[in-house]
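Bear in mind that the values here come from a model prediction, so they are computed numbers and not experimental data.
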Amino acid sequence: MVRDVIQLRPEIEELIREIAARPDSVLLRVPRGRWRAALRDDATSVSSLDSGFHRAERHLLAVHREECAHVLRQAAWHRVATSHEGSDRIYLKHTATYSVSVPSESSLARDASRVLEMSLDLKADTDGLGMVERCVSPGYLAGARPEALCAAAHRLVPSCSGRMICGLSYLHGGRSDAALLVFRELVRLAPTASAEALAWTNLGEAAEAKDRWLWAWSACERAIRADPSLVAPHVGALWFSVRLGSTPRATAAAARLGDLVGDRADLLDEHVQRFSKYAIRMKRGWNSDLERTLRRVQESAGPSAGRLFNALG
């Protein structure tokens, strides 16, 4: 999904410096409150022929829009995946053969903070990420919001991954209603079965945050139908079945999970860590009926489901 280090070619750095130094630049600045709307429609991308852009902005649009949009999404992904909630709850190992990576926190955070603490004089030696972030939110010392970075990237090149990152930012920032809207749109717009499965999986997590267990379970089942190799929805379907108090559903989900994982216990490591760390939150509203359901399923579950249940304590 992202490379480990963000770098821009010298000619693009010079363009970004010029754009960042102009307070009247509008190309990469999407007003707060318009971020989700900017991500909703692929027709929102801008043209180098549009009026209101100065020379550097027009040249960036004409020649470097793909690279700049990629960097913006990388910056957004870094901020979401390394946030307090994201680092614990975003799964990087998607399937037995595919994992996503996150740019180095130390290099990105150091360079971005240096730029954001500067004045509008950008003559200091800075990296491309910091300059791009300054273009989006000049003077915002805490760093550009992931939603703003995604919206700016979408103006350049509409992207499913930008929408996904924005939805994750909402979800792990405590804005589950906004996340639900983003993921519902993603389900409709997803270009591949894998992207659709990820959208359904994340929609399930957003529903979980609102204690809508049936909706969460249904979303995971839809994700499994779209891409059976994705691990997270299998885990979700198991847990949400327990939360619904349905022993038959949970038993079937445990069997499916065991078949998928097989002898690859590492596929569940991130999920086991989440179950252990967030056990109290996951068992909110717990009662004796749910406890009986959990114990009944645990008695017949294989080692994969057993690891998850044992992590709850």
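- By the side chain to side chain contact (heavy atoms under 4.5 Å, CB included) test, P248 pairs with S246, sequence neighbours left out.
- Atom OG in S83 sits 7.0 Å away from atom NE2 in H172 (nearest 0.5 Å).
- In this structure the side chain of F309 reaches within 4.5 angstrom of the side chain of V242, judged on heavy atoms.
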(message) What verdict does the side chain to side chain contact (heavy atoms under 4.5 Å, CB included) test give for I165 and R79, after you've listed the backbone C-alpha separation in whole Å, the side-chain angles of each residue and the deciding distance to 0.1 Å?
(response) CA-CA 10 Å; I165 294 167; R79 292 205 176 280; over 6 Å; no
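- T201 pairs by the side chain to side chain donor-acceptor pair (under 3.5 Å) definition with nothing, not counting sequence neighbours.
- Under the side chain to side chain donor-acceptor pair (under 3.5 Å) criterion, the residue pairs touching residues 251-261 are E221-R256, with sequence neighbours excluded.
- For residues 226-245, no residue pair satisfies the salt bridge (Lys or Arg N to Asp or Glu O under 4.0 Å) rule, not counting sequence neighbours.
- L290 and L294 fall within a single hydrophobic cluster, where Ile, Leu, Val, Met, Phe, Trp and Tyr side chains are chained together by heavy-atom contacts under 4.5 Å.
- In this structure, L180 CG and N202 CG are separated by 11.0 Å, a value rounded to the nearest 0.5 Å.
- When the side chain to side chain contact (heavy atoms under 4.5 Å, CB included) test is applied to L257, the partners found at least two apart in sequence or on another chain are H234, V235, L238, V261, L268, S304, L308.
- Contacts classified as salt bridge (Lys or Arg N to Asp or Glu O under 4.0 Å) and involving residues 197-210 (residues at least two apart or in different chains) are given here: R89-E205, D177-K210, E208-R274.
- No hydrogens or angles considered: a donor-acceptor pair under 3.5 Å links the side chains of S161 and S159.
- Side-chain contact check for L189 versus C160: every heavy-atom pair is 4.5 Å or farther apart.
- Under the 4.5 Å side-chain heavy-atom criterion for Ile, Leu, Val, Met, Phe, Trp and Tyr, L230 and V272 are members of distinct hydrophobic clusters.
- With a 4.5 Å cut-off on side-chain heavy atoms, W200 and P233 do not count as touching.
- Considering only residues two or more places apart in sequence or on other chains, D289 meets the side chain to side chain contact (heavy atoms under 4.5 Å, CB included) condition with N287, R292.
- Residues V80 and F183 are members of one and the same hydrophobic cluster, defined by side-chain heavy-atom contacts under 4.5 angstrom among Ile, Leu, Val, Met, Phe, Trp and Tyr.
- I224 and L267 fall into different hydrophobic clusters, defined by Ile, Leu, Val, Met, Phe, Trp and Tyr side-chain heavy atoms under 4.5 Å apart, directly or through other members.
- The list of ring pair (Phe, Tyr, Trp, His ring centres under 6.0 Å) pairs with a residue in residues 258-290, not counting sequence neighbours, reads Y91-H271, W239-F275, W239-W286.
- Under the salt bridge (Lys or Arg N to Asp or Glu O under 4.0 Å) criterion, the residue pairs touching residues 303-313 are D269-R307, with sequence neighbours excluded.
- Connection of M164 to V231 is not established within any shared hydrophobic cluster, with ILVMFWY side chains joined at heavy-atom distances below 4.5 Å, either directly or through further cluster members.
- Under the salt bridge (Lys or Arg N to Asp or Glu O under 4.0 Å) criterion, R296 pairs with no residue, sequence neighbours left out.
- The salt bridge (Lys or Arg N to Asp or Glu O under 4.0 Å) analysis of residues 92-102, with sequence neighbours excluded, yields the pairs K93-D266.
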(request) Apply the test side chain to side chain contact (heavy atoms under 4.5 Å, CB included) to residues R73 and L149: give CA-CA distance (whole Å), side-chain angles for both, the deciding distance (0.1 Å), then the verdict. (result) CA-CA 7 Å; R73 285 192 296 271; L149 291 163; over 6 Å; no
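- Looking only at distances, a side-chain donor or acceptor of S87 sits under 3.5 Å from a matching main-chain atom of H84.
- In this structure, W77 and I90 have side chains that are in contact, with non-hydrogen atoms separated by less than 4.5 Å.
- A search for side chain to side chain donor-acceptor pair (under 3.5 Å) contacts involving Q298 returns R295, N310, not counting sequence neighbours.
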